[in-house]
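This chain uses plain numbering: 1 for the first residue, then up along the sequence.
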Amino acid sequence: MARSARWTNPTTAGHPAAGDAQGRGGDQSTACALAFTRTPGFQTPSEFLENPSQSSRLTAPFRKHVKPKKQHEIRRLGELVKKLSDLTGCTQVVDVGSGQGHLSRFMSLGLGLMVKSLEGNQRLVSRARRLDQELLQALNKMDKRHPKVVQRGPRHSPHHVVQWVSPTALCEELLLPLETSGQGSARLLLTGLHACGDLSVALLRHFCRCSEVVALASVGCCYMKLSDPGSYPLSQWVAGLPGHELPYRLREGACHALEDYAERLQKAGPDLQTHCFRAALETVIRHVCPELRRPGVQGIPRVHELKIEEYVQQGLQRVGLDPQLPLDLAALRAQQAQENRVVAFFSLALLLAPLVETLILLDRLLYLQEQGFYAELLPIFSPELSPRNLVLVATKTPLGQAFSVLETEDS
């Protein structure tokens, strides 16, 4: 079953809007009490105490081209997958939605696992293969400099495949064993690090329907991209709840970084005005092009240095509208004066984010348990570094207390 929920107070007194949010403590306490814990069972990552850009738990070759957040994620998830693979007797790991292959490389060349990587983007797969060769060369140089260091065995690079995985149909490529595994029939472990939207659901369905798949370790993200219906709800229990529907706005809100935003509130920096500027831009977009709702706006740099009309002009250009449209400057100034109210509204909405995420992940956990499998949600990343930090672990045979071993730090 899932762990009991506990939560910490995310509001602070730094920004005037924080007081408004704190005034609704009863609602906040209820939301926090009902959400899954996001506090991992280890101390806040000591791996970055010496250098905030380099994990002390990874050797230099595995840190190259990898940002600190990703360093933390691939190490923690990779080590969990290694333990889960050993516990379940898996012969092959399949990394779905592998991107540039950072996790796959660490699992294969760092932890000695046999790894197949599936990624639908040819460009990312080509880069992953180049990075594989670069890492192998760096590791071979290390071997020559330190010949007395005992290796675990021959190194196997991950096997990269350009493959899009459907959220509904089974993917034959995903189930094929690697020739180098030396096994007639593979025992597969599926994993995905922040597999986007429906891709996380595809992992669950392959786990449930395929006898070859005996274990799962999935970290989801981008809940607003879930197909509705189809990918939520999955479980009969959640489907039977009155009002279980989650509109786009709630699912999108569940993807925000609560801890990071609490720190921004505490500092009360000028970057908070981004919310007000974006809201003003939305009013202009809906006036000019009513059918264009909530368009994605690529990041506009140094927002705090822009006038609101300059931000709106850049935003219009980014969504394909004429940046030279005449603007009502008086209306924009009046909207800018509402910044504190916009921040307060966003803060209150963000308090629901962990609760919405809990419902989505609880639905997935129950979906697995309803079919007789064993599942647990574990917080394995520091939420300050990686907000989507809950991994859904599932097996087809009981692990008992071994589940708790999966989230511990290696010595």
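Interatomic distance, H65 NE2 to L135 CG, rounded to the nearest 0.5 Å: 9.5 Å. To the nearest 0.5 angstrom, T168 atom OG1 is 7.0 Å from R205 atom CZ. In this structure, S166 OG and W164 CH2 are separated by 4.5 Å, a value rounded to the nearest 0.5 Å. The CG atom of L377 sits 9.0 Å away from the CD atom of E357 when rounded to the nearest 0.5 Å. Rounded to the nearest 0.5 angstrom, E79 CD and R57 CZ are separated by 6.0 Å. One distance of note links CD of E47 with CG of L58; it measures 7.0 Å at 0.5 Å rounding.
Ring-centre distance between Y261 and F346: below the 6.0 Å cut-off. The ring of Y311 has its center no closer than 6.0 angstrom to the ring center of H304. Checked against the 6.0 Å centroid criterion, the rings of F207 and F373 qualify as a close aromatic pair.
Under a 3.5 Å cut-off, the side chain of D363 and the backbone N or O of L234 do form a donor-acceptor pair. When atom types are taken as modelled, the side chain of T191 and the backbone of A217 share a donor-acceptor pair closer than 3.5 angstrom. Side chain of N121 to main chain of L124: a donor-acceptor pair is present (N/O by atom type, distance under 3.5 Å, no hydrogens or angles). Looking only at distances, a side-chain donor or acceptor of K396 sits under 3.5 Å from a matching main-chain atom of V213. In terms of modelled atom types and a separation under 3.5 Å, the side chain of H256 and the main chain of A353 share no donor-acceptor contact. In this structure a side-chain-to-backbone donor-acceptor pair under 3.5 Å is missing from R364 to S200.
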Kindly determine whether L265 and V343 satisfy side-chain contact (heavy atoms from CB on, under 4.5 Å), including the steps that lead there. CA-CA 9 Å; L265 270 182; V343 171; 3.8 Å; yes
Apply side-chain contact (heavy atoms from CB on, under 4.5 Å) to the pair F277 and V303, showing each step before the final yes or no. CA-CA 9 Å; F277 280 21; V303 173; 3.8 Å; yes
Pair V284-L325, side-chain contact (heavy atoms from CB on, under 4.5 Å): steps then yes or no: CA-CA 10 Å; V284 175; L325 288 170; 5.6 Å; no
Taking it one step at a time, do V81 and D95 satisfy side-chain contact (heavy atoms from CB on, under 4.5 Å)? CA-CA 10 Å; V81 168; D95 181 9; over 6 Å; no
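Q71 and S55 share no side-chain donor-acceptor pair at under 3.5 Å. For H206 and R209, the side-chain atoms include no donor-acceptor pair closer than 3.5 Å. Counting only N and O atoms by type, the side chains of T397 and T395 include no donor and acceptor under 3.5 Å apart. Using modelled atom types and a 3.5 Å distance limit, the side chains of S157 and D132 yield no donor-acceptor pair. R333 and Q336 share no donor-acceptor pair across their side chains, judged by distance under 3.5 Å alone. With 3.5 Å as the limit, one finds no donor-acceptor pair spanning the side chains of Y223 and E252.
A salt bridge links E259 with R38; the closest basic N to acidic carboxylate O contact falls under 4.0 Å. Taking the charged nitrogens against the carboxylate oxygens, R130 and E134 have no contact shorter than 4.0 Å, which rules out a salt bridge. In this structure, K67 does not pair ionically with E73, as no charged nitrogen and carboxylate oxygen lie closer than 4.0 Å. Note on R278 versus E282: salt bridge recorded, some NZ/NE/NH1/NH2 to OD/OE distance being below 4.0 Å.
Exactly one of E173, H160, H159 qualifies for a side-chain hydrogen bond (donor to acceptor under 3.5 Å, both in side chains) with K116. That residue is E173.
When side chains are defined from C-beta on, H156 counts as touching M114, because their heavy atoms get closer than 4.5 Å. In this structure, the side chains of I300 and L306 come closer than 4.5 Å at one or more pairs of heavy atoms.
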